[in-house]
Amino acid sequence: MAFDPSQLPSLLNPEQLRAATHTGGPLLVLAGAGSGKTRVITYRIANLVLAHGVEPWRILAVTFTNKAAGEMRERLERLLGPSAGEAWISTFHATGARILRRDGEIIGLPRSFVIYDEADQLAEMKRVMKAAGVDPKLVDPRKVLHRIDDAKNHGRTPDDLAKRPGWDELSRVTPDLYRRYQKALAGAGAADFGDLLSRLVELFEKAPDVLQKYRARFQHVLVDEFQDTNQVQYRLLKMLAGDGRGLCVVGDDDQAIYRWRGADVSNLLTFPDDFPGAEVVKLERNYRSSQVILDAAHAVIRQNRNRMDKRLWTDSSGGAPLELFVARDERSEAERVADMVRASLQRGVDPLEIAVFYRTNAQSRVLEEAFRFGRIPYVIVRGRSFYERAEVKDLAAYLRLALNPLSNADALRVINKPARGIGDTTVGRVEAAAAAWGVSIVDACRQGPQVPGLAAAAQRKVQAFAQLVDRLARLAGSEASAGEVAEAALRESGMEEAFLADGTDESMDRLDNVRELVGAAREWDESWEPSPDPEEAATPLAAFLEQIALLGDADEKTAGPKVALMTLHASKGLEFEEVFLTGMEETVFPHVRSIREAEGGDDGVGDPEGLAEERRLCYVGFTRAKRRLVLSLANCRALFGELKFNEPSRFLGDVPRELFGAATSLPAPRASAGVHVIYDQYPEAEADIDLGDEDGFEDRYTIDYSFDQRPAPQPARPAVRAPARAGPPRSAQATRLAANGDFVAGTPVRHAMYGVGMVEEIEGDRASVRFPKVGVKRILTRFLEAV
DNA sequence: TGAGCGTCAATTAGC
DNA sequence: TTGACGCTCA
């Protein structure tokens, strides 16, 4: 083996070494950004195995994302070789699913249970509400689900909720809906993501012998990103870790940015109290960023109360100063960023080493436009996309049905996909019958003629659907591969035919997508091996579906190196040579909501935690940068179609002026925010604005814009801006037609959905417009724009 | 059954 | 401004 534990002292700094080699008691590793955390965890595991003789299968390492789990597994394989595969290295949810598949039958979860995603949950909740007679207009089903999820995160049952009734409608109905929802899931042999954890707690409580089995097995439990754990997760850890002898948690309270999703930093802050005698190791040496960047990050984060005292340092001193610019508006900001990025690329910086961050997804639009216009290859980094596409989910639903025909969410999803004449009325009758008989949707379909109210044609159609599911189930049961079942589903469901028959570009894209899923299933079959563990008697199809449910989008095949655009949240855990952090404005970042929360309502009682979390988010953003950090803001910004003038972000005011470099002169700070703003580093006074003419060429205007004037309350704005304000490329902001008399046959127009077409005829307030892809449509003229 | 249109709301997003 | 969703008419 390549790795020899005796080399550890030369591979790790003293603190890292202590964290990697400490044994015999609970351990909390406070790992600052870029302090070599993953390295410590992997060496720790390797050391346990090689120096202490711990068998790999006795080790459980949990992370929050599949990516983190994958990286850890990969690194460990390099140190330990194939035996690393025996360790359980996975996400909390995957761990939960794995244990529930083995032992969940004790609490009524079939081995073949399906995992409902958000869309499935929402659909199920809507049905539950309908059955319970709760008006979805009065009570938002999403909010109910959120309450339920929150309850699960805190380990609360419907009864617990019922004991503390609220005064509003939502609180009143939630306990009952929660109970009914769980019942519906049970009937469908399904679990949602929250259940993967909360039902595991339930299992451990109801079957102590099962808990004992796992507790005895896992001598060592390691947890990454511990500051992101919620209460159930911590509870599970405590259950599994017993006295905590073999428990090692790694985290950074300064990077806790998921409170809104149930995470509870106090898990980390109180760890030493929960496990008296716990060893605490701080990793403060940073191997990523320049000292300038670390100083800036520290200046921001030190304003927070209730944090573990620590400060990152690096021995590579200095570094380039921070950069800051104020743009006229968000378009100009985006263009400037694009220009700077282009300059970096021309200087030879690797596109993969450049990232642009923003607080909210909505901000990405202008940036995308600027990058597209500037021909800069970019990629929006976001979670899952492929498996979220409707057609992909449809085919996946057929696969899940093949394995678990009880799954009503899947049955209802595809009962009429492709359209096979089973309309809402028929579905409603089938649903009612299924509910009355206490059977699944597919079962009810099978009994076609027995379903009250069904016409003969409808009876035949639903029976045909049941037969389709039966056929697929038989195929899946006969140990067919995932690929074979997927192919059969695509063909026999009629999806393939329907896409081909439609023949539009869109349908062909969709067909490509579902075929890609079939391809993924085939690949899966080839690489799949049955687990040596007899408790895990999975088929390739079952394992494939598990991977889809838990892994989300596995394809990272972004062709070619591209600059990454992402939200600050998405940036956590990543690092780049050059980071552009945009929208450094009050109400954008920190977000309005957190500001309002902190200010409090009429009673004046505010909650500053949201703001503290925004501050941590800023810290996370800063510490992603290795060498260069560029901050930007816009003097005004179009938000929901309205112009807003925002103050510079308070976070800018926390950064010492000298970190921005001496070459730049500063205007007087804005009194209220006390922010240092460099206006002349990128002289926006010479701004180029494109107004774009019909001929597609841009006219360039130079405007005189003084930033030194405080824009509040009603700032004077350059006259030239008004007509062109905040415009995306000309085409999209074309003048809206006021009346139908404004154009005649032969006028080119644009429609939001169909794109550009030609007016053929006008009748009253409608126009017949011929579009290249969809032919002639009659459309109200107010939905048309002149081109 | 679905395209077309009105209405309403509006962080962040992992599994 | 964009988007998601639900109602309604052909």
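Letters go in sequence order (proteins before strands), and every chain restarts at 1.
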Q: Mind checking if I595(A) touches a base, just sugar-phosphate, or nothing, with heavy atoms under 4.0 Å?
A: nothing
Q: Measuring from atom CH2 of W88(A) to atom CZ of R98(A), what distance do you get when rounded to the nearest 0.5 angstrom?
A: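 W88(A) atom CH2 to R98(A) atom CZ measures 4.5 Å (nearest 0.5 Å).
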Q: What heavy-atom pair brings A97(A) and F113(A) nearest, and what distance separates the two atoms?
A: O-CZ, 4.1 Å
Q: Remember a base hit wins even if backbone is also touched, and classify Q233(A) as base, sugar-phosphate or nothing at under 4.0 Å, heavy atoms.
A: nothing
Q: Tell me: NZ of K417(A) to C1' of dT1(B), nearest whole Å?
A: 13 Å
Q: Using whole Å, what does the distance between atom P of nucleotide dC15(B) and atom NE2 of H569(A) come to?
A: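 Atom NE2 in H569(A) sits about 15 Å away from atom P in dC15(B).
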Q: Can you tell me which residue among E585(A), E330(A), E642(A) is in a side-chain hydrogen bond (donor to acceptor under 3.5 Å, both in side chains) with R637(A)?
A: E585(A)
Q: Round to a whole Å and report the spacing from CZ of F64(A) to C1' of dG14(B).
A: 9 Å
Q: Side chains of D192(A) and K152(A): closer than 4.5 Å at any heavy-atom pair?
A: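 D192(A) vs K152(A): side chains touch.
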Q: Find the distance R616(A):CZ to dT12(B):P and express it as a whole number of Å.
A: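 After rounding, the gap between these two atoms is 18 Å.
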Q: Report yes or no: is there a donor-acceptor pair, N or O only, under 3.5 Å between the side chain of E546(A) and the base of dC15(B)?
A: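 Side chain to base: no pair below 3.5 Å.
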Q: Applying the salt bridge (Lys or Arg N to Asp or Glu O under 4.0 Å) criterion to R259(A), which one of D253(A), D607(A), D228(A) satisfies it?
A: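 Per the salt bridge (Lys or Arg N to Asp or Glu O under 4.0 Å) rule, the option paired with R259(A) is D607(A), out of D253(A), D607(A), D228(A).
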Q: Rounded to the nearest 0.5 Å, what's the gap from NZ on K393(A) to CG on L399(A)? Could you check?
A: 13.5 Å
Q: Polar atoms only, N or O, under 3.5 Å: list the protein pairs with nucleotides 7-11 of chain B and their distances.
A:
from, atom 1, to, atom 2, distance (Å)
dT11(B), O4', H591(A), NE2, 3.3

Q: Of all the choices, dC5(C), dC15(B), dG2(B), which nucleotide is nearest to the side chain of L122(A) once you look at every atom?
A: dC5(C)
Q: Whole angstrom is fine here: how far is it from CG in N153(A) over to P in dA13(B)?
A: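 These atoms are roughly 17 Å apart.
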Q: Just checking K572(A): base, sugar-phosphate only, or nothing, at a heavy-atom cut-off of under 4.0 Å?
A: nothing
Q: Between Q363(A) and T360(A), do the side chains contain a donor N or O and an acceptor N or O under 3.5 Å apart?
A: yes
Q: Please work out if N416(A) contacts a base, only the sugar-phosphate, or nothing of the nucleic acid, heavy-atom cut-off 4.0 Å.
A: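 Since only primed, P, OP1 and OP2 atoms lie under 4.0 Å of N416(A), the category is sugar-phosphate.
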Q: Checking contacts here: which listed nucleotide (dT12(B), dC15(B), dC7(C)) is nearest the side-chain heavy atoms of T567(A)?
A: dT12(B)
Q: Using a 4.0 Å heavy-atom cut-off, does R142(A) contact any base of the nucleic acid, only the sugar-phosphate backbone, or nothing at all?
A: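 Sugar-phosphate, backbone atoms only, no base.
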Q: Without decimals, in angstroms, what is the distance between D228(A) CG and dT12(B) P?
A: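 Whole-Å distance recorded here is 18 Å.
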Q: If we take the P atom in both dC5(C) and dT12(B), what is their distance in whole Å?
A: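 Their P atoms lie roughly 15 Å apart.
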Q: Could you tell me how far apart Q363(A) (CD) and dA13(B) (P) are, to the nearest whole angstrom?
A: 11 Å
Q: Separation of E368(A) atom CD from dT1(C) atom P, in whole Å?
A: 18 Å
